[in-house]
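Remember, it's 1-based here, ligands and their atoms both numbered in the order they're listed. In this chain, numbering begins with 1 at the start of the sequence shown.
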Amino acid sequence: MRATLAAATLWGLATAASAQQEIKLGYALAPTSHYGVAAARWQEFVEAESEGRYAFRHFPSSGLGGEREVIEGVQLGTVETTIVSSGTLSNFVPEAGVFDIPFLFRDLGHARRVLDGPVGQEILKKFDDVGLVAIAWGEQGFRHITNNRNAIETPADISGLKLRTMENPTHITAFETLGAAPTPMAWPEVIGALEQGTIDGQENPLSVITSAKLSEVQTYLTLSGHVYSPTVFLVSRPFWDGLSEEDREIFRKGATEAVAAMRAFVDGVESSGVEQLKAEGMTVGELSKEQKAAFQGALETAYEQYYGTYGKDLVDRIIATE
Ligand code: PAF
């Protein structure tokens, strides 16, 4: 009798273990970054609400490769989930590139309202057409320029600057128009390229500059806030199609919680990041309103291209969002 009970218990445990599905979650930065904080919250919510039927396995610090490779893995179904920047997104869903237009958003609040509102949701739906399920927009903050050559106050100051950009056509057009020498590169190569001097600088939000310890390899930080940097929570289509509607709702709600955690992290680093980077030895300057206007003016021909690509109506809808 006792032997039968023990066997039944073992069988039960084995069934529970095999019923638990592993969820691979890839992201570019350390577990202590805004990505790690969001990933942990997503995991915590989904694992608790599903009563352990799903178990997240994190692949931080580009453990699954650059963001493009990870998105391809999610598309193929070899990776269940990822949180990625808008870096290579427009190579999958061209319309997503509209958020990469320089000086489009007035502040974080404006960006969040657009992404959570009709325009953001319409663009999330477009991922359905390319075998991806995009369930929420997260964020990194506004991007700023760091470099080892000189302080930046005017567009002339970035003339010829070998600046690493994401593999993002909207950003590349902007920096080409400004006269820099944009060098698109996947993130895992960036620190090495900065150390070796094959590039002079890069641009990223304070969340990334602090998390990736860029003060160790960069001298100047220019608070240019030239472009907002969203992130997106992607889920693999084959995995999503296999979920019950109830479980999909758990993943969606968990992502909403994770976005809140990510935005709270960004709010924190926006208020403390500059002092931290100064203390770590960076020379920090901030573009004034007039200086930003000069950069915007220098981008006039780029804006014409963006209107052609994304439609002026869409850009105007974003600008008009209160
Ligand atoms: O610059 C990038 O490529 C991205 O902002 C990063 C650092 C990979 C975070 O998503």
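Interface atoms of ligand 1 facing Tyr35, defined by a heavy-atom separation under 4.0 Å, are 9 (C), 10 (O). Set against the non-hydrogen atoms of Ala28, the atoms of ligand 1 under 4.0 Å away are 8 (C). Of all atoms in ligand 1, listed by their number and element, those nearer than 4.0 Å to a heavy atom of Val208 are 7 (C). Taking every heavy atom of Ser85 and a limit of under 4.0 angstrom, the matching atoms of ligand 1 come to 4 (C), 10 (O). When each atom of ligand 1 is checked for a heavy atom of Met166 under 4.0 Å away, the hits are 1 (O), 2 (C), 3 (O), 4 (C), 5 (O).
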Side chains of residues 147-154: which donor-acceptor partners sit under 3.5 Å, not counting sequence neighbours?
residue: Asn147; atom: OD1; partner: Arg149; partner atom: N; Å: 2.5
residue: Asn147; atom: OD1; partner: Asn150; partner atom: N; Å: 2.9
residue: Asn147; atom: ND2; partner: Asn150; partner atom: O; Å: 2.9
residue: Asn148; atom: OD1; partner: Gln218; partner atom: NE2; Å: 3.4
residue: Asn148; atom: OD1; partner: Thr219; partner atom: N; Å: 2.8
residue: Asn148; atom: OD1; partner: Thr219; partner atom: OG1; Å: 3.3
residue: Asn148; atom: ND2; partner: Val217; partner atom: O; Å: 3.0
residue: Arg149; atom: NH1; partner: Ser159; partner atom: O; Å: 3.1
residue: Arg149; atom: NH2; partner: Asp157; partner atom: O; Å: 3.1
residue: Arg149; atom: NH2; partner: Ser159; partner atom: O; Å: 3.0
residue: Asn150; atom: ND2; partner: Asp157; partner atom: O; Å: 3.1
residue: Thr154; atom: OG1; partner: Ala156; partner atom: N; Å: 3.3
residue: Thr154; atom: OG1; partner: Asp157; partner atom: N; Å: 3.4
residue: Thr154; atom: OG1; partner: Asp157; partner atom: OD2; Å: 3.3

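Residue-to-ligand polar distances keep Ser229 apart from ligand 1: every N/O pair is separated by 3.5 Å or more.
Proximity of a side-chain donor or acceptor of His58 to a complementary backbone N or O of Leu25 within less than 3.5 Å is not detected. Using a distance-only test at 3.5 Å, with no hydrogens or angles considered, a donor-acceptor pair links the side chain of Glu47 to the main chain of Phe56. Between the side chain of Glu80 and the backbone N or O of Lys24, at least one donor-acceptor pair lies under 3.5 Å.
Here Arg143 has side-chain heavy atoms under 4.0 Å from ligand 1, and that is the only part of it that gets that close.
Of all non-hydrogen atoms in Phe142 and Gly225, the two that sit nearest each other are CD2-O, 3.8 Å.
The cluster map of Ile, Leu, Val, Met, Phe, Trp and Tyr, joined by side-chain heavy atoms under 4.5 Å apart, puts Leu161 and Leu194 in different clusters.
Remark: among candidates Met185, Gln202, Arg164, the nearest residue to atom 3 (O) of ligand 1 is Arg164, based on non-hydrogen atoms.
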